[in-house]
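Down below is the structure, laid out as structure tokens.
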Amino acid sequence: MAALELDLFLCRTDNFGVLLHDPQSGATASIDAPEEKPILEALERRGWTLTHILTTHHHGDHVAANVALKERFDAIIIGPAAEAASIPGIDQSVRHGERFDFAGHPVNVIETPGHTAGHICFYLPQDKLLFAADTLFALGCGRLFEGTPETMWQSLSRLLALPDDTTVYFGHEYTLSNARFAVTIDPDNAELKTRAAEIEETRCDGGFTAPTTIGLEKRTNPFLRAADPKIRSHLGMEGASDAAVFAEIRKRKDNF
Ligand SMILES: [Zn+2]
């Protein structure tokens with residue numbers, strides 16, 4: 001089986017567009033559809049034809065181009081069952097634990113409620129790829145619009161259980177702000193400090209900070225490190241639950 005090819009580009013202001021392409025069959029999926037024009041340009045640049053849209057959640061900046069792209073390419077839209085009523089053009093709704101096939105590559109559906117109540121991530125175990133959208137960002141996580149910190153912590157814990165060498169694509173280029181916040185929570189983390197400095201440089205040069213990996217996020221993303229003794233002591237929360245530590249970090253970021 002041939003390796004999947006990926007194309008990453010910016011949509012709107014800070015949304016990532018991602019195309020996933022199987023060179024053998026020609027199948028091409030857009031992970032979410034934030035904006036039609038940059039997606040069409042990426043398809044054109046690569047010479048690919050859209051066959052699928054994999055929708056992670058109902059927010060407008062993730063589904064804006066669903067209908068236009070479906071009309072143009074007759075693409076199949078797969079999205080979360082829990083939000084099917086608010087996903088434009090949805091053809092196939094999927095739930096947690098379901099597995100479907102993209103050009104012979106298994107795709108596992110992981111429900112990660114918190115940012116929205118029905119948010120899903122797409123995990124391709126054979127390809128070691130995760131599309132985390134607005135659940136997990138580089139050095140950050142999504143805002144809790146439709147869930148409690150406890151719910152989001154459980155969702156993030158599902159992603160933490162994936163292998164460290166899983167490559168993670170995410171929904172927004174928020175990493176510079178996330179890095180500046182992360183060092184205030186985990187100031188003694190040498191790997192985080194190095195990473196934060198690299199991110200300043202990458203963004204200064206106009207580069208993207210995606211993708212990341214589960215292992216790198218485990219070691220440097222404060223939102224995944226609620227169990228870390230140094231972070232707990234820094235926050236004065238030595239005896240609190242992981243979810244309570246996570247809630248405090250999320251609250252601080254909301255006010256950062
Ligand atoms: Zn969102």
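Residue numbers count from 1 along this sequence. Order of listing sets the numbers, starting from 1, for every ligand and every atom in it.
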Subject >> Any side-chain heavy-atom pair of Leu235 and Arg252 under 4.5 Å >> reply: yes
Original post:
Mind checking whether the Zn ion (ligand 1) has an N, O or S of His59 under 2.8 Å?
Top reply: yes
Original post:
Do you see an N/O/S atom of His115, backbone or side chain, under 2.8 Å from the Zn ion (ligand 1)?
Top reply: yes
Original post:
Would one find an N, O or S atom of Asp134, in either backbone or side chain, under 2.8 Å from the Zn ion (ligand 1)?
Top reply: yes
Original post:
Within the side chain of Arg12, is there an N or O that forms a donor-acceptor pair under 3.5 Å with the backbone of Asp61?
Top reply: no
Original post:
Can you tell me if Glu71 uses its side chain to pair, donor with acceptor, with the backbone of Ala68 under 3.5 Å?
Top reply: no
**OP:** Answer yes if the ring centres of His172 and Phe16 are under 6.0 angstrom apart, and no otherwise.
**Re:** no
